[in-house]
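Heads up, the thing below is written out as structure tokens.
Excluded from the calculations below are hydrogen atoms, water molecules and symmetry mates; all remaining heavy atoms, backbone and side chain alike, are included. Naming: A, B, ... by sequence-line order, numbering from 1 per chain.
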2 protein chains.
Amino acid sequence: MTIHQTPGRLVTIADVAREAGVGESTVSRVLRGQGSFSKRAGERVLEAAARLGYVPNRLAGALAGNADSAGSQLVGVVIPSLANIVFPDLLRGLTGALDEAGFQGVVGVSDYDPVREEALVAGLLSWRPAALVLTGLEHTALTVTRLRAAGIRIVEMIDTDGPGLDIVVGFSNRAVGHASARHLVGRGYRRIAYVGHDLGRDVRAAKRLAGFEAALAEAGLALHARELVAERSSAAAGRAALEALVARAPDTDAVYFSNDDMALGGYFACLGSGWAVPGRIALFGCHALDITAAMPQPLSTMRTPRLAIGRAAAEHLRAGGPPGTIDLGFELSEGATA
Amino acid sequence: MTIHQTPGRLVTIADVAREAGVGESTVSRVLRGQGSFSKRAGERVLEAAARLGYVPNRLAGALAGNADSAGSQLVGVVIPSLANIVFPDLLRGLTGALDEAGFQGVVGVSDYDPVREEALVAGLLSWRPAALVLTGLEHTALTVTRLRAAGIRIVEMIDTDGPGLDIVVGFSNRAVGHASARHLVGRGYRRIAYVGHDLGRDVRAAKRLAGFEAALAEAGLALHARELVAERSSAAAGRAALEALVARAPDTDAVYFSNDDMALGGYFACLGSGWAVPGRIALFGCHALDITAAMPQPLSTMRTPRLAIGRAAAEHLRAGGPPGTIDLGFELSEGATA
DNA sequence: AAAAATGTTGGCAGCGCTGCCATTCCGGGA
DNA sequence: TCCCGGAATGGCAGCGCTGCCAACATTTTT
């Protein structure tokens, strides 16, 4: 029962035209519901197409349609990772809105590597996408050159801390870090440490930390300690890192995590070691992952509008408006751990 | 600083040919490193292409190249959801292997809806993909017809419980459920309940439950209770459901969850209510999400090879072999909650 | 009733690329 | 020196579709 029957050639618009007894142009018009045609022609074409099992060839359509401008209805998307739940969320908002608008997303994963992104962008551009959606503001010079030359709408998601190429949708990671520190300081914590993952790659986590330290400095404080893991963020890494940190700096009274999954790991470390949260040690995360709301003590964290960012990115794809930055903000999720 | 410069026409192969002082065919051969050409011609073409910033148009390439067979280098992918971490994992394995092989994935999200899948498949087929990767074995009749007519390789991921269309890569969800029940029964639990999410849509969770109940029956048992939430699986839903379940059937001694995130929610419920795990109540999940390994008591669950499935799916795309099922199995992750 | 306006329709030239084929170029053997 | 086989090359016909335009049909207006 192989599926490979490939009877020969696939049905083309010419076959439908012959079957329906009309011209090719009429078939084209009917199928796209564009231009004028008689009711009778419409019926016959639809009927013939169904009878023949016609599947339009968008490759040809896009090629013929509009050679320059928005060639196809494909939209290239580059995200850094699928392992960090933040990005599937982004993708979720994006694909949802994208296919409401009749677009198809072509997804590439850069693994936080600008050089990898460069290659992905080159590959995506060769499909003549209607637009490109990237993550973050940091790109190689060659990527930027190519993007400029492509003459299509570019959306950069998530990070508004810096100049964008065209449209930027996100929030200020710096401000998130800043607000997080203000919250901890306001709660009276003074010996505040940081637990994070590979900052060399995750530029946005680094920006949050910068904002965090800036706010500490404004309050006359500095990071009490810091523990970085080389790997990607995960609960296991957060757990190990917090344990290491507490061993080194036992008097730490609050910890800022680069990410909620790290923070969740930290929470587990506290549970395992019997450290009272937030009595013995307070925990603060970032992103407000769904899970954290179900914890016995909801995690104190910052809610970032990931779905909304994806959706907004998709919605601004077609808009012919001027370049600009759309800041969707963030919100304190008070929780009970800090 | 608009990016929209669209100087007019994009650079075509003809422009490169003129610039390099060779024919179009030579440019095409050089750029694809195929056919024979002199070293000198090769250099000049590459140079000219770089100078002009030439970006090949794969739309045209695919259209001209091989009209029938593997038209483009696009691969259509349909997954049911991005909210359930299982699918991003699948996607991760898939896109990784896909772009090693030079393919680009076009992703659609069906939201667990076969009718939505039908529309997505139709849309994807119109890009003349080299192959299609779907999730699960359940499709509408029309989808199946179209898939057959397309004459391309089809891979169905994750579920091996039933006949596939072409290539199937995954594990038996029924067997997972069965093994889970055997484990709980073997540990001496007798009043075993089930906590799950919307089974009407998540067919695979339903298959796991069926296998689970079958194993219970073999042991002379039946489900002690069950609690279903209508929404999608999540920690919050798991927590609420477990609390409801314990209220209704306080003597339950073990709970099988449809998913690890549900189980994690259940664990949080136990922590919150002070129910000893597994003394008062044992918990068993499914999928072995990363997070669960960091818990103070690692969750007892079944490790499913999600990344490997994605990778295997991509690898079997090109293989011209016969249809068949590849069962990647699963593995008990003993943990400490059951 | 003729003219003008409007509604339908089919033919055909591309879109940018690749496959095919005929042609040219080159070095080595007769 | 001439001829021959293979490497290198360019021209051109499509791939399937859409945009444009001219042709024709049908109404409406005067």
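Each of A:Leu124, A:Val78, A:Leu74, A:Val77 was compared with A:Leu132 under the side chain to side chain contact (heavy atoms under 4.5 Å, CB included) criterion, and only A:Leu124 meets it.
Distances shown here put a side-chain N or O of A:Arg32 below 4.0 Å from the OP1 or OP2 atom of D:dG19. Distances shorter than 4.0 Å separate none of the side-chain N or O atoms of A:Gln34 from OP1 or OP2 on D:dT18.
Between A:Asp166 and A:Arg148 there is no salt bridge, since none of the side-chain N atoms of the basic residue sits less than 4.0 Å from a carboxylate O of the acidic one. A:Asp111 has a carboxylate O that lies under 4.0 Å from a charged side-chain N of A:Arg201, or vice versa, which qualifies the two as a salt bridge.
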Derivation and outcome, side chain to side chain contact (heavy atoms under 4.5 Å, CB included), residues A:Thr95 and A:Phe103: CA-CA 8 Å; A:Thr95 56; A:Phe103 287 107; over 6 Å; no

From CA spacing to verdict: side chain to side chain contact (heavy atoms under 4.5 Å, CB included), A:Ile158, A:Arg204: CA-CA 9 Å; A:Ile158 271 217; A:Arg204 286 164 295 283; 3.0 Å; yes

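Taking atom CD1 of residue B:Ile13 and atom P of nucleotide D:dC15, one finds them 19 Å apart after rounding to whole Å. Here C:dC15 presents its P atom at 11 Å from CG of B:Asp15, a figure rounded to the nearest Å. Between the P atom of C:dT18 and the CG atom of B:Asn57 lies a distance of 9 Å, rounded to the nearest Å. Between B:Trp127 atom CH2 and D:dG16 atom C1' the separation is 13 Å, expressed in whole Å. Across the protein-nucleic acid pair, B:Gln73 atom CD and C:dC17 atom P stand 16 Å apart, rounded to whole Å. Between the P atom of C:dC17 and the CG atom of A:Leu63 lies a distance of 9 Å, rounded to the nearest Å. One can place CZ of A:Arg58 at 15 Å from C1' of D:dT18, the figure rounded to the nearest angstrom. A straight line from CD of A:Glu43 to P of C:dT8 spans 13 Å, rounded to a whole angstrom.
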Mind listing the N/O atom pairs, protein and nucleotides 9-12 of chain C, below 3.5 Å?
residue	atom	partner	partner atom	Å
C:dT9	OP1	A:Ser38	OG	2.7
C:dT9	OP2	A:Ser38	N	2.6
C:dT9	OP2	A:Ser38	OG	3.3
C:dG10	OP1	A:Gly23	N	3.2
C:dG10	OP2	A:Gly23	N	2.6
C:dG10	OP2	A:Thr26	OG1	2.5
C:dG10	N7	A:Arg29	NH2	3.1
C:dG10	O6	A:Arg29	NH1	3.2
C:dG11	N7	A:Ser25	OG	3.2
C:dG11	O6	A:Ser25	OG	2.6

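Using a 4.5 Å heavy-atom threshold, the side chains of A:Met157 and A:Val133 count as touching.
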